[in-house]
Amino acid sequence: MPVTVIVGTQWGDEGKGKIVDLISKDMDIVARYQGGHNAGHTVIVGDMEVVLHLIPSGILHKGKKCLIGNGVVVDPKALIDEIEMLKKNGIDVDSQLFISKKAHLIMPYHKVIDLSMEAIKGGKKIGTTGRGIGPAYTDKASRLGIYISDLLNPEIFREKLAINIEQKNSLVKNLFGKEPFDIDQIFNEYIAYAEVIKKYFVDAKLFMREAILAGERILCEGAQGSMLDVDYGTYPFVTSSNTTTGGVCTGLSIPPKYIDRVLGITKAYTTRVGEGPFPTELLDETGEILRKEGGEYGATTGRPRRCGWLDMVVLKNAVWLNGLDGIVLTKLDVLDNFRTIKICEGYKYKGTIFKDMPDELEIITNGEPVYREVEGWMARSAGVTDYKDLPAKAKDYIKLIEELSATPIRIISTGKQRSETIEL
Ligand code: GDP
Ligand code: IMO
Ligand code: MG
């Protein structure tokens, strides 16, 4: 079993951090393949709660190697803050962390452009995390990006920076009416960061090749969720990377033939942060209860998450796009006190019911969810660790999800702690 992939099947925040941490005990390497510090992955062990944004969620396991792949965009300041936070918690980051030399940098101008673009879009904004993710990937695709390892060569770094500063200054001045960037200030700031992080740089394709050929067990940790994928999500209300399994190959130099298990992390209901269509969103008291019971506030930005029922159109879409071998169902306990629970089986749009994710944003935005209503269990699943101890109606809910998605549920999460888990 060399390579296992974990992806979010919804709009992010499905509980990937908890599950990656849980599975890491059986792994040698945990690696991030896309995204950046827009992610917020919560890991709770005993009294310690850690939110990881950039560093893989396997880092709390002593001796496990954690790789930030070339597909990730790295803000070195955010990275250093996270390293310091982990070191304060007694984690031996220096022996565990590795960063691809070909990861691209997030620069101060990326953040300014991200926030300014959102501001000028006004009512049409995406609701980004404001971390500069989109503009950093834009530069990568438009061949203006700067590798993290360019910091090791001040001449090359300055040359690339100069081209960017000239272009970005014209943009911020003319489009946003903002102050221009000072090349010396950014140059000096980033060269100083390099001193702290250069010890982690590796040739990640060799790192991966050696690990895979040596039979090491690798866990790839997706960030965001399948509905935020730049190709398959609710574009343009998406993030700027391939969050689905395909991103693993390009973001970590893992050839597809080595991927042999893909698990889709699925919340027992649905949440979304930021703007964009969300067919099963509940704008009523039930949505409020889900938010309160589930503690649905962003781990990165603190924004209240939008909440709604489980959407099988979304889940079935993720099953195919990612090639899911199994589902990990999280936050089942949050539904413990609901008399009735709904599952969306399709979107009704102009008389037609769409059971598969439509390509048209218009249908996703204005389609009416078609629900199947089931009885809630009104009993404790919270903290249950053995399948047989689950309330009967909770088991029915689990079986229904398996049946409708045609995919087995492998793990059920019944609480925040590592131990509050049922492994099937
Ligand atoms: P991620 O981005 O997918 O890693 O998810 P987040 O960490 O952003 O959000 C998931 C939240 O739910 C975190 O606060 C977790 O501690 C919490 N959580 C994870 N699994 C469970 C669960 O089974 N039950 C409950 N009640 N909370 C959970
Ligand atoms: P994890 O890994 C939930 C959302 C933002 C916004 C859109 C684009 O914790 O699940 P970006 O800053 O990426 O350009 O924002 O994507 N978003 C997330 N939503 N969880 C995340 O990560 C997210 N990362 C980005 O809210 O709607
Ligand atoms: Mg999160």
Side-chain angles (χ1 to χ4, degrees), residues 6-22 32 34-45 49-54 56-57 72-73 75 106 110-111 113-115 117-118 125-138 221-230 233-241 243 264-278 290 292-306 328-336 381-385 411-422:
I6 284 219
V7 292
T9 63
Q10 296 156 316
W11 279 278
D13 304 324
E14 298 90 349
K16 298 176 293 291
K18 169 181 163 165
I19 302 302
V20 169
D21 168 70
L22 179 81
R32 278 275 307 267
Q34 46 70 233
H37 66 312
N38 47 351
H41 296 179
T42 314
V43 179
I44 296 179
V45 187
E49 169 166 340
V50 171
V51 180
L52 294 153
H53 300 286
L54 260 173
S57 305
V72 176
V73 284
D75 179 329
I106 295 183
H110 290 139
K111 190 173 168 180
I113 295 169
D114 190 355
L115 294 170
M117 285 300 287
E118 287 281 277
K125 71 173 188 208
I126 290 164
T128 71
T129 59
R131 302 292 196 264
I133 306 293
Y137 279 116
T138 301
E221 174 179 1
Q224 290 83 53
S226 302
M227 292 304 292
L228 289 170
D229 183 284
V230 67
T234 42
Y235 190 90
F237 302 98
V238 294
T239 193
S240 300
S241 62
T243 59
I265 314 301
T266 306
K267 212 178 266 192
Y269 49 98
T270 312
T271 63
R272 169 163 208 171
V273 219
E275 308 303 317
F278 177 1
L290 279 173
K292 192 165 154 280
E293 296 290 315
E296 297 296 353
Y297 294 89
T300 294
T301 56
R303 291 179 288 179
R305 293 174 182 152
R306 300 158 65 191
V328 176
L329 190 68
T330 62
K331 304 191 91 162
L332 185 70
D333 53 293
V334 175
L335 298 181
D336 280 356
S381 76
V384 168
T385 55
I411 299 175
I412 300 160
S413 175
T414 59
K416 288 170 176 245
Q417 294 285 344
R418 259 185 205 162
S419 57
E420 294 174 310
T421 308
I422 303 169

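Ligands are counted one by one from 1 in listed order, and the atoms in each one are counted from 1 as well.
When hydrogens are left out, the protein atom nearest atom 26 (O) of ligand 2 is R303 NH2, 2.9 Å; that is the closest non-hydrogen contact. Closest to atom 26 (N) of ligand 1 among all protein heavy atoms lies D333 OD2, 2.7 Å. Atom 4 (O) of ligand 1 has its closest protein heavy atom at G17 N, 2.8 Å. Among protein heavy atoms, atom 18 (C) of ligand 2 sits closest to L228 CD1, 3.7 Å. Regarding atom 20 (N) of ligand 2, its nearest protein heavy-atom neighbour is D13 OD1, 3.2 Å. The nearest protein atom to atom 6 (P) of ligand 1, hydrogens excluded, is given as G40 O, 3.5 Å; this is a heavy-atom distance. The shortest contact between atom 9 (O) of ligand 2 and any protein heavy atom is with G40 N, 2.9 Å. In terms of protein heavy atoms, atom 10 (C) of ligand 1 is closest to D13 O, 3.9 Å. Remark: minimum distance from atom 12 (O) of ligand 1 to any protein heavy atom is reached at K331 NZ, 2.9 Å. S413 OG, 2.5 Å is the protein heavy atom nearest to atom 23 (O) of ligand 1. Nearest to atom 15 (C) of ligand 1 among the protein's heavy atoms is T42 CB, 4.0 Å.
Near H41, meaning under 4.0 Å from one of its heavy atoms, ligand 1 places the atoms 1 (P), 2 (O), 4 (O), 7 (O). Listed by number with element, the atoms of ligand 1 under 4.0 Å from a non-hydrogen atom of K18 are 20 (N). Heavy-atom proximity to I44, at under 4.0 Å, picks out these atoms of ligand 1: 16 (O). Proximity to G415 (heavy-atom distance under 4.0 Å) selects the following atoms of ligand 1: 20 (N), 21 (C), 22 (C), 23 (O), 24 (N), 25 (C).
At under 3.5 Å, a nitrogen or oxygen of V273, whether backbone or side chain, sits near a nitrogen or oxygen of ligand 2. Checked by distance only, ligand 2 and E275 stay at 3.5 Å or farther apart across all their nitrogen or oxygen atoms. Geometrically, ligand 2 and T128 share no nitrogen or oxygen pair separated by less than 3.5 Å. By the 3.5 Å distance cut-off applied to N or O atoms, E14 is not counted among the residues near ligand 2. For a threshold of 3.5 Å applied to N or O pairs, the pair formed by H41 and ligand 2 contains at least one separation below that value. Geometrically, ligand 2 and K16 share a nitrogen or oxygen pair separated by less than 3.5 Å. Looking at ligand 2, you'll find an N or O of Q224 within less than 3.5 Å of one of its N or O atoms. Considering both main-chain and side-chain atoms, R305 comes within under 3.5 Å of ligand 1 through a nitrogen or oxygen pair.
Heavy-atom contacts from other residues, nucleotides or ligands closer than 6.0 Å to OH of Y297 number more than 12.
Which of D114, T129, V238 comes nearest to atom 8 (C) of ligand 2 through a heavy atom is settled by distance: it is V238. Of the listed residues (K16, K416, E49), the one carrying the non-hydrogen atom nearest atom 17 (C) of ligand 1 is K416.
Contacts between W11 and ligand 2, counted as non-hydrogen atom pairs separated by less than 4.0 Å, involve the backbone only.
Its N, O or S atom nearest to the Mg ion (ligand 3) is what matters here, and for D13 that atom is OD1.
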